[in-house]
Amino acid sequence: MGILWERIPQCLGRAAELECSLTGTWVNDLGSNMTIETVKGNGEFTGIYNTAVSVYPVKIKKSPLLGSQHLPDQLNQPTFGFTVNWSFSDSITVFTGQCFVDNDGKEVLKTMWLLRSHADERGDDWKATRVGYNKFKRLE
Ligand code: BTN
């Protein structure tokens with residue numbers, strides 16, 4: 001009963017939110033694109049990330065992503081997170097963000113990321129993690 005009462009103000013406040021769906025193809029401010037497949041009933045999803053840039057001068061390849069979101073029946077503009085395991089480097093990136101609908105009715109993913117590079121020596125650990133921001137628009 002207590003839990004129900006606690007949820008009522010949240011539901012009322014969010015009733016007007018337009019729905020934002022992660023499924024589809026997105027492009028970010030760096031020119032990278034990603035495709036997110038169907039989100040499963042438990043909020044988990046997979047996809048493919050094609051980065052436009054790399055820390056290393058190597059041939060870029062498409063890489064798998066694995067993520068999870070809050071369920072759309074509870075939140076129309078859900079928070080989410082996903083990991084990209086780069087297939088052409090020893091690095092891993094984790095993204096976390098929220099799916100919004102902007103004032104023009106367009107969906108936008110506002111994310112922050114941590115990119116962990118492989119440290120060749122223990123002394124290099126302190127400089128092996130980069131942080132940044134990416135905004136994604138749906139590729140029409
Ligand atoms: C690497 O350089 O080892 C792998 C590629 C990393 C690409 C980063 S992840 C964060 C940022 N957003 C992108 O779309 N690409 C870069």
Side-chain angles (χ1 to χ4, degrees):
M1 193 63 164
I3 292 170
L4 180 64
W5 279 111
E6 282 162 20
R7 289 198 70 81
I8 285 175
Q10 294 176 19
C11 296
L12 292 175
R14 289 174 182 149
E17 281 183 351
L18 295 171
E19 189 169 332
C20 184
S21 163
L22 289 182
T23 300
T25 301
W26 302 86
V27 59
N28 73 16
D29 44 294
L30 292 169
S32 303
N33 63 70
M34 66 172 174
T35 299
I36 295 178
E37 313 295 345
T38 311
V39 177
K40 293 200 286 186
N42 62 1
E44 292 173 3
F45 57 87
T46 57
I48 298 291
Y49 203 105
N50 195 11
T51 181
V53 297
S54 171
V55 173
Y56 306 103
V58 293
K59 187 170 162 40
I60 290 173
K61 292 182 188 160
K62 291 179 182 174
S63 302
L65 72 81
L66 180 61
S68 181
Q69 69 153 85
H70 272 279
L71 295 175
D73 59 343
Q74 292 164 8
L75 288 174
N76 276 346
Q77 301 192 4
T79 51
F80 61 86
F82 63 86
T83 301
V84 185
N85 186 333
W86 302 106
S87 56
F88 57 90
S89 80
D90 293 333
S91 309
I92 292 270
T93 302
V94 290
F95 288 81
T96 185
Q98 186 166 349
C99 190
F100 289 108
V101 177
D102 69 16
N103 292 338
D104 301 328
K106 302 259 188 205
E107 291 164 300
V108 57
L109 308 181
K110 294 189 173 182
T111 69
M112 287 197 72
W113 50 262
L114 291 173
L115 166 58
R116 173 69 193 206
S117 299
H118 186 269
D120 291 333
E121 293 173 30
R122 247 179 295 167
D124 288 341
D125 172 60
W126 68 272
K127 59 177 178 180
T129 305
R130 292 170 168 81
V131 60
Y133 178 84
N134 278 144
K135 193 169 161 182
F136 294 79
K137 292 176 184 168
R138 193 178 281 284
L139 204 62
E140 310 282 348

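The analysis underlying the following values was restricted to heavy atoms, covering all of them including side chains, and did not include hydrogens, waters or symmetry mates. As the structure lists them, so they are numbered: ligands from 1, and atoms in each ligand from 1.
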- Message: Looking at Asp125 and Arg116, is any side-chain nitrogen of the basic one under 4.0 Å from a carboxylate oxygen of the acidic one?
- Response: yes
- Message: Has Thr111 got a side-chain atom pairing as donor or acceptor with Asn134's backbone, closer than 3.5 angstrom?
- Response: yes
- Closest protein heavy atom to atom 15 (N) of ligand 1, given as residue, atom name and distance to 0.1 Å: Thr51 OG1, 3.0 Å
- Task: Just jot down the ligand 1 atoms closer than 4.0 angstrom to any heavy atom of Tyr49, in number order.
- Result: 12 (N), 13 (C), 14 (O)
- Begin from the C-alpha positions of Gln77 and Gln98 and carry the test side-chain contact (heavy atoms from CB on, under 4.5 Å) through to its verdict. CA-CA 7 Å; Gln77 301 192 4; Gln98 186 166 349; 4.0 Å; yes
- Task: Heavy-atom distances under 4.0 Å are what count here, so tell me which part of Val84 touches ligand 1: side chain, backbone, both or neither.
- Result: neither
- Query: When only distance counts, is Asn28 in polar contact with ligand 1, meaning an N/O pair under 3.5 Å?
  - Reply: yes
- Identity and separation of the nearest protein heavy atom to atom 9 (S) of ligand 1: Thr93 OG1, 3.5 Å
- Item | Chi angles and distances behind the side-chain contact (heavy atoms from CB on, under 4.5 Å) call for Trp86, Leu115 | CA-CA 10 Å; Trp86 302 106; Leu115 166 58; 4.0 Å; yes
- Query: What are the atoms of ligand 1, with element, lying closer than 4.0 Å to any heavy atom of Ser32?
  - Reply: 13 (C), 14 (O), 15 (N)
- Message: Test of understanding: given a 4.0 Å heavy-atom threshold, classify the contact between Ser91 and ligand 1 as side chain, backbone, both, or neither.
- Response: side chain
- Query: Can you check whether Glu44's main-chain N or O pairs, donor with acceptor, with Asn42's side chain at less than 3.5 Å?
  - Reply: yes
- the protein heavy atom lying closest to atom 2 (O) of ligand 1 turns out to be Val55 N, 2.8 Å
- Note on the structure: So CD1 of Ile92 and OG1 of Thr129: to nearest 0.5 Å the spacing works out to 11.5 Å
- Task: Classify the ring geometry between Phe136 and Phe82 as parallel (under 30°), tilted (30 to 60°) or perpendicular (over 60°).
- Result: perpendicular
- Query: Considering only heavy atoms of Tyr56, which atoms of ligand 1 have at least one such atom less than 4.0 Å away?
  - Reply: 3 (O)
- Query: So which heavy atom in the protein is nearest atom 3 (O) of ligand 1, and how far is it from that ligand atom?
  - Reply: Ser89 OG, 2.8 Å
- Among Trp113, Trp86, Phe95, closest by any non-hydrogen atom to atom 5 (C) of ligand 1: Trp86
- Message: Can a donor-acceptor pair be found, under 3.5 Å and without considering hydrogens, that links the side chain of Asp29 to the backbone of Lys135?
- Response: yes
- Query: Counting from 1, what ligand 1 atoms have a heavy atom of Ser54 closer than 4.0 Å?
  - Reply: 1 (C), 2 (O)
- Value rounded to 0.5 Å, distance of SG in Cys20 from CD in Glu107: 4.5 Å
- Item | Side-chain donor or acceptor of Glu37 paired with backbone N/O of Phe45 under 3.5 Å | no
- Note on the structure: The protein heavy atom nearest to atom 16 (C) of ligand 1 is Val53 CG2, 3.8 Å
- Message: Checking contacts here: is it the side chain or the backbone of Ile60 that comes within 4.0 Å of ligand 1, counting heavy atoms only? Could be both or neither.
- Response: neither
- Task: Identify the protein heavy atom lying closest to atom 12 (N) of ligand 1, giving its residue, its atom name and the separation to 0.1 Å.
- Result: Asn134 OD1, 2.8 Å
